[in-house]
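Treat the numbers as computed from the prediction; the structure is a model and nothing was measured.
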Amino acid sequence: MARYFDVHPVDPQPRSISQAVDILRSGGLLAYPTDSCYALGSSLDNQAGRDRILSLRGLDDRHHFTLVCADFAQLGQFVHVDNSTFRTIRAATPGCYTFILPATKEVPRRLLHPKKKTVGVRIPDHPVVHALLAQMGEPILSSTLLLPGEEDPLTDGWEIKERLDHVLDGVIDSGECGDVPTTVVDFSSGVPEVVRVGAGDPHRFE
């Protein structure tokens with residue numbers, strides 16, 4: 001049974017955030033709101049969490065996982081970013097974008113795209129995510145909460161709790177959440193390529 005956390009969207013209660021972080025650190029799977037839509041999250045070292053995300057979403061090993069980061073200092077530990085790419089990404093961050101970049105050795109191999117050796121990264125603009133990351137001290141391994149056969153992500157915390165109670169360990173509900181996933185921009189070739197148009201304006205990368 002998943003624990004349910006009803007938190008304030010602007011000033012999330014530290015005790016609830018701490019308990020949610022404990023779930024992540026103990027190997028649990030968490031559904032949490034972002035500035036685009038709900039995401040599934042686990043800790044980086046949680047291999048079972050990675051596998052549970054793939055199973056829940058009906059995905060295979062070619063899926064690009066996302067490391068949700070607190071800031072650019074943290075992001076720079078996990079991906080290689082040249083100066084030009086850094087400036088382009090920084091102008092759009094924080095925001096509703098996921099950037100695919102070559103991974104550093106800090107990223108566990110099981111999280112990399114098997115052929116490209118890349119990983120997604122993003123810095124959301126959401127107080128709940130900021131609070132989670134501040135207590136975690138490391139990125140959260142994440143993927144959009146989009147179930148197989150459904151066109152739109154789940155957006156309501158209580159509905160997520162009811163539908164996925166048996167497969168999640170925790171759900172954070174902070175009220176209204178977006179229903180459009182991030183815009184995904186692939187920088188792995190050195191030039192930006194928009195591979196998914198979502199909540200973030202794609203035109204700045206065209």
Problem - Joint cluster assignment, Val128 & Met136, ILVMFWY side-chain distance < 4.5 Å - result: yes
Problem - Any donor-acceptor pair under 3.5 Å from Ser18 side chain to Pro14 backbone - result: no
Handout entry: Under 3.5 Å: donor-acceptor pair, side chain of His130, backbone of Pro124
Key = yes
Problem - Asp125 side chain to Gly95 backbone, donor-acceptor under 3.5 Å - result: no
Problem - In one Ile/Leu/Val/Met/Phe/Trp/Tyr side-chain cluster, 4.5 Å: Val79, Val184 - result: no
Problem - Under 3.5 Å donor-acceptor, Tyr32 side chain and Gly170 backbone - result: no
Problem - Linked, directly or transitively: Leu141 and Leu164 (ILVMFWY side chains, under 4.5 Å) - result: yes
Practice task
To the nearest 0.5 Å, tell me how far Leu146 CG sits from Leu56 CG.
Solution key: 10.0 Å
Completion exercise
Closest non-hydrogen contact found for Val7 with Gln13 is CA-OE1, 3.1 Å
Fill in the blank from the handout: Value for NE2 (His80) from OG (Ser188), rounded to nearest 0.5 Å, stands at 12.5 Å
Practice task
Starting at CG of Asn46, measure out to CD1 of Ile140 and round the result to the nearest 0.5 Å.
Solution key: 12.5 Å
Problem - Flag, side chain of Ser55 to backbone of Asp51, donor-acceptor distance under 3.5 Å - result: no
Exercise for the section: Kindly indicate whether the side chain of Ile53, heavy atoms from C-beta on, has any atom under 4.5 Å from the side chain of His63. Expected result: no
Exercise for the section: Would you indicate whether the side-chain heavy atoms of Tyr38 and Pro153 approach each other to under 4.5 Å? Expected result: no
Problem - For Leu29 against Ser42, the heavy-atom pair lying closest together - result: CD1-CB, 4.3 Å
Practice task
Rounded to the nearest 0.5 Å, what's the gap from CD1 on Ile172 to NZ on Lys161? Could you check?
Solution key: 13.5 Å
Practice task
For Asp45 and Ser43, test the side chains for any donor-to-acceptor distance below 3.5 angstrom and give the result as yes or no.
Solution key: yes
Problem - Check: Asp201 main-chain N/O paired with Tyr97 side-chain donor or acceptor under 3.5 Å - result: yes
Completion exercise
Minimal heavy-atom distance between Ala2 and Val171, with the atoms involved, is CB-CG2, 4.3 Å
Completion exercise
When Arg50, Arg57, His64 are each screened for side chain to side chain donor-acceptor pair (under 3.5 Å) with Ser143, the one that passes is Arg57
Problem - Glu150 atom CD, neighbour heavy-atom count above 12 within 6.0 Å - result: yes
Practice task
Run the salt-bridge test on Arg52 and Asp169 with the 4.0 Å N-O cut-off and return the result as yes or no.
Solution key: yes
Handout entry: Evaluation steps, side-chain contact (heavy atoms from CB on, under 4.5 Å), between Val121 and Val81
Key = CA-CA 11 Å; Val121 289; Val81 189; over 6 Å; no
Practice task
Could you verify whether a donor N or O on one side chain and an acceptor N or O on the other, from Thr182 and Arg196, lie under 3.5 Å apart?
Solution key: yes
Problem - Pro139 vs Leu44 side-chain heavy atoms within contact, under 4.5 Å - result: yes
Practice task
Give the cluster check for Phe65 versus Leu145: same hydrophobic cluster or not, with ILVMFWY residues linked at side-chain heavy-atom distances below 4.5 Å.
Solution key: yes
Problem - Thr104 side chain vs Gln77 backbone, donor-acceptor pair below 3.5 Å - result: yes
Handout entry: Chi angles and distances behind the ring pair (Phe, Tyr, Trp, His ring centres under 6.0 Å) call for Phe86, Phe72
Key = CA-CA 9 Å; Phe86 175 84; Phe72 271 97; 5.1 Å; yes
Problem - Flag side-chain contact, heavy atom, 4.5 Å: Val194 against Phe205 - result: yes
Practice task
Measure up the Phe99 and Phe187 rings against each other and bin them: parallel (under 30°), tilted (30 to 60°), perpendicular (over 60°).
Solution key: tilted
Practice task
Apply salt bridge (charged side-chain N to carboxylate O under 4.0 Å, His left out) to the pair Asp186 and Lys116, showing each step before the final yes or no.
Solution key: CA-CA 11 Å; Asp186 189 342; Lys116 297 182 178 181; 3.7 Å; yes
Exercise for the section: Look at atom CG of Asp60 and say whether more than 12 heavy atoms of other residues, nucleotides or ligands are closer to it than 6.0 Å. Expected result: yes
Exercise for the section: Answer yes if the side chains of Thr34 and Arg122 hold a donor-acceptor pair under 3.5 Å, and no otherwise. Expected result: yes
Handout entry: Distance (rounded to the nearest 0.5 Å) between Leu67 CG and Ile123 CD1
Key = 11.5 Å
Problem - Identified side-chain contact (heavy atoms from CB on, under 4.5 Å) counterpart of Leu101 within the set Val119, Thr85, Val185, Thr118 - result: Thr85
Fill in the blank from the handout: Rounding to 0.5 Å, atoms CG (Asp71) and CG (Leu133) come to a distance of 9.0 Å
Completion exercise
Heavy atoms of Pro127 and Pro12 approach each other most closely as O-CG, 4.0 Å
Handout entry: Ile160 with Leu30, same ILVMFWY side-chain cluster at under 4.5 Å
Key = no
Practice task
Mark yes or no for whether Lys117, through its side chain, and Leu112, through its backbone, hold a donor-acceptor pair below 3.5 Å.
Solution key: no
Handout entry: Contact summary for Thr155 and Gly178, nearest pair of heavy atoms
Key = CG2-O, 3.5 Å
Practice task
Please examine the side chains of Ser36 and Pro181, heavy atoms only from C-beta on, and report whether any two atoms are closer than 4.5 Å.
Solution key: no
Exercise for the section: Considering non-hydrogen atoms only, spot the tightest contact between Thr183 and Gly200 and give its length. Expected result: OG1-O, 2.5 Å
